[in-house]
Amino acid sequence: MKTLKNLMQGTAVAVLAVAAIAGFGTKAAEASQLSGDARASIPKDVQQIIVVDYKAMQGSPAAMQLKDRVLPPELKRLETALKTSGLKVDQDCETLAFAAFRAGTGTRIIGVAQGQFQNQAILANFAKQKTKPVMVRQMQVWPMGSAGMSVAFLNQTTMVFGDREAVKDALDARDGLQPNFLQNGDMMNEMAIVDSRPVWSLLDQKGTQTMMMSVMGDASQLADFGTVKSRMKSARYTMDFGNGVKFNMTVVMSDTTTASLAATVMKGVVMMKKSGGSPLEKSALDETTVDSNSGTLTVDYSSSDSQFAGLLSSPLFQQVTK
């Protein structure tokens, strides 16, 4: 689906060492962890989840510039709806998560915000604007502006937001009327590996396949990639801006042979990009290491802050973020 492709497009950028997923970044080395309430409000069948330290991001001009360039339209809509509804997101939000999950034959996106929210002041503002909530059992779901977005406050520190149906799904998950993220054993295990990082993401099998097809570009048409794609199981990645920019991705494959083949194909993609790149782009790709180990494909990238900033205006960056 176009929505999911756009959501994952930033991941392809990061893998090619020219950007970060969804444009989120920060020099702070704080962790982006989800509370039990937040996890319970995300439906079980997650295709991709992205979690960031939102408060620290506000203090990084470079991160904000990158976010404005590559944040997918669907996520921009959610963020804008929060800000225009009277919520003091920039001041109060500490952790922000977006999850694409399966619903029927398609996917929906739910946002989860954690922080210290002034709920009474927010509700007073809704009342002043004569905004009326929709009741979902005992929970009030508040419309946000004219964009069709809604928000529900689970407690003083956690809110869920998105299209009304996505919010209803979140409340159903939280209330036990449908399975939630806490019951997704595979992703819960993967989350324990990455959630100490300021930016992290998990993808299921289909999400991984979609991401890697975008990363590979024309190489995804090769017969070898067809073999690799069918044996991808999941993926996870993290970003850290504590000392320069560091990106680490792991793709779990079905066996060691396929992981080795995937690494070979990925190395070929990097070589192709280097052959037509500028000196700055070639230098950045030189800092990208592709390898395989124990049935996993690994991609690691690091650069200085100045290198990373220079890549924002490079032709390669423009190409892979179209």
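A quick note: this is a predicted structure, and the numbers were derived from the prediction, not measured. Atoms considered below: every heavy atom in the structure, side chains included; atoms not considered: hydrogens, waters and symmetry mates.
Listed for the S41 side chain is a donor-acceptor partner under 3.5 Å among the backbone atoms of A38. Q114 contributes no side-chain N or O that, together with a main-chain N or O of E94, makes up a donor-acceptor pair within less than 3.5 Å. Not a single donor-acceptor pair under 3.5 Å links the side chain of S260 to the backbone N or O of T256. Using a distance-only test at 3.5 Å, with no hydrogens or angles considered, a donor-acceptor pair links the side chain of Q156 to the main chain of F117. Distance alone, capped at 3.5 Å, places no donor-acceptor pair between the D291 side chain and the T298 backbone. For the pair E190 (side chain) and A235 (backbone), a donor-acceptor distance under 3.5 Å is absent.
With sequence neighbours excluded, the residues that form a side chain to side chain donor-acceptor pair (under 3.5 Å) with D255 are T258. R102 pairs by the salt bridge (charged side-chain N to carboxylate O under 4.0 Å, His left out) definition with D204, not counting sequence neighbours. A search for side chain to side chain contact (heavy atoms under 4.5 Å, CB included) contacts involving A262 returns V228, M253, L297, not counting sequence neighbours.
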Step by step, would you call F98 with Q48 a side chain to side chain contact (heavy atoms under 4.5 Å, CB included)? CA-CA 8 Å; F98 294 104; Q48 181 177 15; over 6 Å; no
Between V299 and Y237, is the side chain to side chain contact (heavy atoms under 4.5 Å, CB included) condition met? List the steps. CA-CA 9 Å; V299 180; Y237 66 83; over 6 Å; no
Side chain to side chain contact (heavy atoms under 4.5 Å, CB included), that's the test. Do F181 and V112 meet it? Break it down for me. CA-CA 13 Å; F181 191 66; V112 182; over 6 Å; no
I would like to know whether V252 and R236 meet side chain to side chain contact (heavy atoms under 4.5 Å, CB included); could you show each step before the answer? CA-CA 9 Å; V252 180; R236 60 182 184 269; 4.1 Å; yes
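Hydrophobic clustering places M188 together with W200 (ILVMFWY residues linked when any side-chain heavy atoms are closer than 4.5 Å, directly or through intermediates). I193 and V51 fall within the same hydrophobic cluster, where Ile, Leu, Val, Met, Phe, Trp and Tyr residues are linked whenever their side-chain heavy atoms come under 4.5 Å apart, directly or through other members.
Looking only at side-chain heavy atoms (C-beta outward), M249 and M211 come within less than 4.5 Å of each other. Residues I42 and F101 fail the side-chain proximity criterion, which asks for heavy atoms closer than 4.5 Å. The shortest side-chain heavy-atom distance between R137 and L177 falls under the 4.5 Å cut-off. Counting only heavy atoms from C-beta outward, the side chains of T250 and N248 never approach each other to under 4.5 Å. A 4.5 Å side-chain heavy-atom check between V199 and D53 finds every atom pair outside the cut-off. The side-chain heavy atoms of M213 and K229, taken from C-beta on, include a pair separated by under 4.5 Å. Residues I122 and W142 have side chains not in contact (no heavy-atom distance under 4.5 Å, counting atoms from C-beta outward).
From M139, atom CE reaches atom CG of D172 across 11.5 Å, with rounding to the nearest 0.5 Å. Distance check, rounded to the nearest 0.5 Å: CG of L171 to NZ of K168 gives 8.5 Å. Annotation: the span from D169 atom CG to R164 atom CZ amounts to 13.5 Å, rounded to 0.5 Å. How far CD of Q120 is from CG of N125: 13.0 Å, rounded to the nearest 0.5 Å. Atom OG1 in T208 sits 9.5 Å away from atom CG in L202 (nearest 0.5 Å). For the atom pair OG of S201 and CD1 of I49, the computed distance is 8.0 Å after rounding to the nearest 0.5 Å.
Scanning all heavy atoms of the two residues, the minimum distance from T158 to N155 falls at N-OD1, 2.9 Å. Nearest heavy atoms, P143 versus P133: CD-CA, 4.4 Å. Shown here for S302 and E287, the closest heavy-atom pair between the two residues is O-CB, 3.0 Å. Between A259 and G295, the shortest heavy-atom distance links the atoms CB-C, 3.6 Å. L182 and G36 make their closest contact through CD1-O, 4.2 Å (heavy atoms, listed as atom of the first residue, atom of the second, distance). Listed here is the closest heavy atom pair of V141 and S150: CG1-CB, 3.6 Å.
For the residue pair Q47 / T107, no side-chain donor-acceptor distance below 3.5 Å is found, with atom types taken as modelled.
For CE of M135, the number of neighbouring non-hydrogen atoms (other residues, nucleotides, ligands) closer than 6.0 Å is greater than 12.
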